[in-house]
Amino acid sequence: MQFDFTTLAPQDRYKLLTSTVLPRPIAWVVSQDLKGVLNAAPFSFFNVFAQDPPVLIIGIGGRRPGDAKDTGNNIRETGEFVVNMVAESNAEAMNITAIDFPPEVDELAEAGLTTVPSLKVKVPRIAESPVAFECERMMIIELASDRALVVGKVLAMHVHDEFVLNPERLYIDTPKLRLLGRMHGGGGYVRTSDLIDMPRIKVQDWERKT
Ligand SMILES: Cc1cc2nc3c(=O)[nH]c(=O)nc-3n(C[C@H](O)[C@H](O)[C@H](O)COP(=O)(O)O)c2cc1C
């Protein structure tokens, strides 16, 4: 079956895209408005795209056309945010921070989360998350009146000590992080513990074999 995206309604495109492009990592974004009110929300239109400069991108939609989400508004205003990764143990709290609270509500407090001051930005990180990236806004790419891509530059990264196998060689105990991925449907998630190891093939080895 084929689907013509030029004639499909946006919510139908969303359904098809999010039920086939997966699992998606989840950026649990902490931001702050100009008055200092903290905000947290998860975004799975997210990934890292480069290491030089170290770039990550988050796709932020609107609640309704013209009604931007608080995360996007805060990043526009202050230019700073922290992306926290979501572990299995963070799942319930992450889901609470996705509730459509009004801007004056601090989702971190609602979810019973604690914050730790950041090194390079005013926005704190989530203490309970095993990995966090302190970011500054590089640019915002406007896709529509209520939809934008936030391009962030990573200024600093935190990893809980228990997950760092070798600080000199920068080895992280990735399986131990037990990060969650976003799957399809309203509430679908996946664990990252079902691993397959497949080393890259060198061209010389391939040619010798054939
Ligand atoms: C796992 C998960 C992933 C989400 N991904 C996105 C996303 O990529 N883009 C988006 O606009 N909203 C996404 N949402 C919805 C936002 O988290 C939700 O609208 C939130 O209330 C926005 O909060 P804010 O207005 O405080 O920024 C996601 C929700 C969940 C639970």
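Here, residue 1 is the first one in the sequence, and each next residue gets the next number. Counting starts at 1 for both ligands and their atoms, following the listed order.
The nearest heavy-atom contact from the protein to atom 2 (C) of ligand 1 is R182 NE, 3.7 Å. Atom 25 (O) of ligand 1 has its closest protein heavy atom at R63 NH2, 2.7 Å. Distance from atom 23 (O) of ligand 1 to its nearest protein heavy atom, with residue and atom name: A41 CB, 3.3 Å. In terms of protein heavy-atom proximity, atom 15 (C) of ligand 1 is closest to K69 NZ, 3.6 Å. Protein heavy atom closest to atom 13 (C) of ligand 1, with residue, atom name and distance, is P42 O, 3.7 Å. Atom 20 (C) of ligand 1 has A98 O, 3.6 Å as its closest protein atom, hydrogens excluded (heavy atom only).
Side-chain contact between F46 and V83 is present, with at least one heavy-atom pair separated by less than 4.5 Å.
Without hydrogens or angle criteria, R182 side chain to I26 main chain gives no donor-acceptor distance under 3.5 Å. One N or O on the side chain of S129 and one on the backbone of M85 form a donor-acceptor pair closer than 3.5 Å.
At least one heavy atom of E107 lies less than 4.0 angstrom from ligand 1. Put simply, no part of N73 is less than 4.0 Å from ligand 1, judged by heavy atoms. Assignment of F101 to the shell around ligand 1 is not supported, since no heavy atom sits closer than 4.0 Å.
Per-residue contacts place T71 under 4.0 angstrom from the following atoms of ligand 1 (heavy atoms of the residue considered): 24 (P), 27 (O). For ligand 1 and G61, the ligand atoms under 4.0 Å from any heavy atom of the residue are 10 (C), 11 (O). Within ligand 1, the atoms closer than 4.0 Å to a non-hydrogen atom of I99 are 21 (O), numbered from 1 in the order shown.
Compare W28, Y189, F45 by their heavy atoms: the one nearest to atom 8 (O) of ligand 1 is in F45.
Salt-bridge annotation for E142 and R76: present, with a side-chain N of the basic residue lying under 4.0 Å from a carboxylate O of the acidic one. Note on R191 versus E88: salt bridge recorded, some NZ/NE/NH1/NH2 to OD/OE distance being below 4.0 Å.
Neither the backbone nor the side chain of V29 has a heavy atom within less than 4.0 Å of ligand 1. Looking at N39 against ligand 1, only its side chain comes within 4.0 Å, counting heavy atoms.
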